J.: 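Let me begin by handing over the structure; questions about it come next.
Keep in mind that the numbers below use all heavy atoms, side chains included, and drop hydrogens, waters and symmetry copies. Letters A, B, ... are given to chains in the order of the sequence lines, protein chains preceding strands, and every chain is numbered from 1. Remember, it's a predicted structure, so these values are computed and weren't measured experimentally.
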Amino acid sequence: MIKVKLFATFREGRQKEVYFDYFEGIDGKYILDKLDIKEEDVAIYLVNGMDGKLENPLNDGDTISLFPPVGGG
Amino acid sequence: MEEIDMGRYDRNMNMLTKEENERLRNFKVCVVGCGGLGGYIIEMLGRLGIGYITAVDKDAFEESNLNRQILSNVNNLGQYKAIEAKRRMESVNPEVVVNPMVAEFNDKNAEEILKGHNIVIDALDNIQSRLILQDICEKLSIPLIHGAIAGWYGQVTTIFPGDRTLDYIYKNKVQKGIEKELGNPSFTPALVASIQVSEALKVLLGRGDLLRKEVLYIDTYTQEYHKVRF
């Protein structure tokens, strides 16, 4: 199982947390696609609390976190 | 050094020592952006007694600023924000020198604007300019206090030369933040600005724990505050 924690506007129309069944090769890109979130809309991508790369394969039990960009002043 | 009347800083004691209070007037701080964040930041730096503040902004106040920008009011619409920052501080704390720069911050003038300051505070309103700010602060070896807002949300981090924390929090070449859809209310600028100023004060005085290599991600809608480490 992969746990996905969503933050800020990524929660709109979704839950705070969503889960995906693990399969070999599942990665951040697959999860974004299923969540209908564009890659360019993700500012922070964490795997188990650490900075991650969307294209790296995930492991069963991983938790990923997705934050949208905040840029105003 | 001339003795200054410390009465106005009475309530800064004993959180700061008298010696620290006096040291503050020798620091030069550059605030890049005088809008939602920058207005509050300048206000707080001035009341702390930071001696010299450079206030950078190319824009003049317009009506849509009134919902959140503390330097704006119905009487100064059309006036340059950086100039109004100076005017404001003249009536709040005349001991503070505010150097207004009515200019667009960009890669051409960044070095000239930032050099000579002890610390830079990011109060810009777009991601591209923030990345330039990070580059030039690194080149000039100046600590940078980043803050950004969008609707209910905000973030703060303290960046020392070499940290390059913005590279982690604006990944995937993101071009625009969610503020473009959400706008900005009155309270997130004040909140994020306060945290930025507390970080700046600690960097200047060399004590306290900093948000270094970590980002405080703020969600006032759910009141969740996450520290993300890099």
J.: Return the option, out of B:Gly35, B:Ala150, B:Gly183, with the maximum number of heavy-atom pairs under 4.5 Å with chain A.
T.: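 With the most close heavy-atom pairs to chain A, the winner is B:Ala150.
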J.: Which pair of non-hydrogen atoms, one from B:Asp163 and one from B:Lys213, has the smallest distance, and what is that distance?
T.: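 Of all heavy-atom pairs spanning B:Asp163 and B:Lys213, the closest is OD1-CE, 3.3 Å.
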J.: Among residues 59-73 of chain A, which ones touch chain B with a heavy-atom distance under 4.5 Å?
T.: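 Contacts with chain B: A:Phe67, A:Pro68, A:Pro69, A:Val70, A:Gly71, A:Gly72, A:Gly73.
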J.: Could you pull out the closest heavy-atom pair between A:Leu6 and A:Phe10, with the gap in Å?
T.: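 Nearest pair, atom of A:Leu6 first, then A:Phe10: CD1-O, 3.7 Å.
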J.: Identify whether the distance between the nearest side-chain nitrogen and carboxylate oxygen of B:Glu90 and B:Arg87 falls below 4.0 Å.
T.: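 No.
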J.: Could you check which of B:Gly33, B:Gly177, B:Gly151, B:Ala148 has the highest count of heavy-atom pairs closer than 4.5 Å to chain A?
T.: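 Of the options given, most contacts go to B:Ala148.
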J.: Out of B:Leu124, B:Val215, B:Leu182, return the one with the most heavy atom pairs under 4.5 angstrom to chain A.
T.: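 Sorted descending by pairs with chain A, the first entry is B:Leu124.
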J.: Let's test your reading of the structure: which of A:Lys16, A:Lys38, A:Met50 forms the most heavy-atom pairs below 4.5 Å with chain B?
T.: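 Highest number of heavy-atom pairs under 4.5 Å: A:Lys16.
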J.: Check whether the side chains of B:Asp167 and B:Gln134 place a donor and an acceptor atom closer than 3.5 Å, and report yes or no.
T.: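 On atom types as modelled, these side chains qualify, holding a pair under 3.5 Å.
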J.: Within a strict 4.5 Å, meaning less than it, do heavy atoms of the A:Val4 and A:Phe20 side chains meet?
T.: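 Touching, per the 4.5 Å side-chain cut-off.
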J.: Tell me, side chain or backbone of B:Asn126 under 4.5 Å from chain A's heavy atoms, or both, or neither?
T.: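 Only the backbone of B:Asn126 comes within 4.5 Å of chain A.
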J.: Just so I know, are the side chains of B:Leu211 and B:Ile195 near enough to count as touching, which here means a heavy-atom distance under 4.5 Å?
T.: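 Yes, side chains in contact.
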J.: Can a side-chain donor-acceptor contact be found between B:Gln155 and B:Tyr153 if the only test is distance below 3.5 angstrom?
T.: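 Result is no, nothing qualifies.
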J.: Using only atom types and a distance under 3.5 Å, with no angle test, would you say the side chain of B:Thr157 pairs donor to acceptor with the backbone of B:Glu214?
T.: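 Yes, because the side chain of B:Thr157 sits within donor-acceptor range (under 3.5 Å) of the backbone of B:Glu214.
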J.: So which bits of residues 223-230 of chain B come within less than 4.5 Å of chain A, counting non-hydrogen atoms only?
T.: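 Only B:Glu224, B:His226, B:Val228, B:Arg229, B:Phe230 of residues 223-230 of chain B have a heavy atom under 4.5 Å from chain A.
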J.: Could you check whether any side-chain heavy atom of B:Val96 comes within less than 4.5 Å of a side-chain heavy atom of B:Ile50, counting everything from C-beta outward?
T.: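 A side-chain contact under 4.5 Å is absent here.
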J.: Against chain A, label B:Ile169 side chain, backbone, both or neither, depending on which of its atoms sit under 4.5 Å from a heavy atom there.
T.: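 Both parts, heavy atoms under 4.5 Å.
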J.: Using side-chain heavy atoms (C-beta onward) and a distance below 4.5 Å, is B:Lys202 in contact with B:Thr158?
T.: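 B:Lys202 does not reach B:Thr158 side chain to side chain.
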J.: Heavy atom to heavy atom, less than 4.5 Å: which residues from residues 51-63 of chain B reach chain A?
T.: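 Residues in range: none.
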J.: Picking from B:Asp122, B:Asp135, B:Asp125, what satisfies side chain to side chain donor-acceptor pair (under 3.5 Å) with B:Arg130?
T.: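 With B:Arg130 as partner, B:Asp122, B:Asp135, B:Asp125 yield a single side chain to side chain donor-acceptor pair (under 3.5 Å), made by B:Asp122.
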J.: Tell me whether B:Thr220 contacts the main-chain N or O of B:Trp152 through its side chain, where contact means a donor paired with an acceptor under 3.5 Å.
T.: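 Checking the backbone N and O of B:Trp152 against the side chain of B:Thr220, a donor-acceptor pair under 3.5 Å is found.
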J.: Under a 4.0 Å N-O cut-off, is there an ion pair linking B:Lys176 with B:Glu181?
T.: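 Judged by the 4.0 Å cut-off on N to carboxylate O distance, B:Lys176 and B:Glu181 do form a salt bridge.
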J.: Could you grab the distance from atom CG of B:Asn99 to atom NE2 of B:His117, nearest 0.5 Å is fine?
T.: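 If we round to the nearest 0.5 Å, B:Asn99:CG and B:His117:NE2 are 7.0 Å apart.
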J.: Could you tell me which portion of B:Thr188 (side chain, backbone, both or neither) has an atom closer than 4.5 angstrom to a non-hydrogen atom of chain A?
T.: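 Neither part.
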J.: Where the side chain of B:Asn118 meets the backbone of B:Val29, is there a donor-acceptor pair that is under 3.5 Å apart?
T.: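 Here the side-chain-to-backbone pair does not exist.
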J.: Side-chain atoms of residues 37-49 of chain B: list all donor-acceptor pairs with protein atoms under 3.5 Å, sequence neighbours left out, distances to 0.1 Å.
T.:
from    : atom 1 : to      : atom 2 : distance (Å)
B:Glu43 : OE1    : B:Arg88 : NE     : 2.8
B:Glu43 : OE1    : B:Arg88 : NH2    : 3.4
B:Glu43 : OE2    : B:Arg47 : NE     : 2.9
B:Glu43 : OE2    : B:Arg47 : NH2    : 2.8
B:Glu43 : OE2    : B:Arg88 : NH2    : 2.7

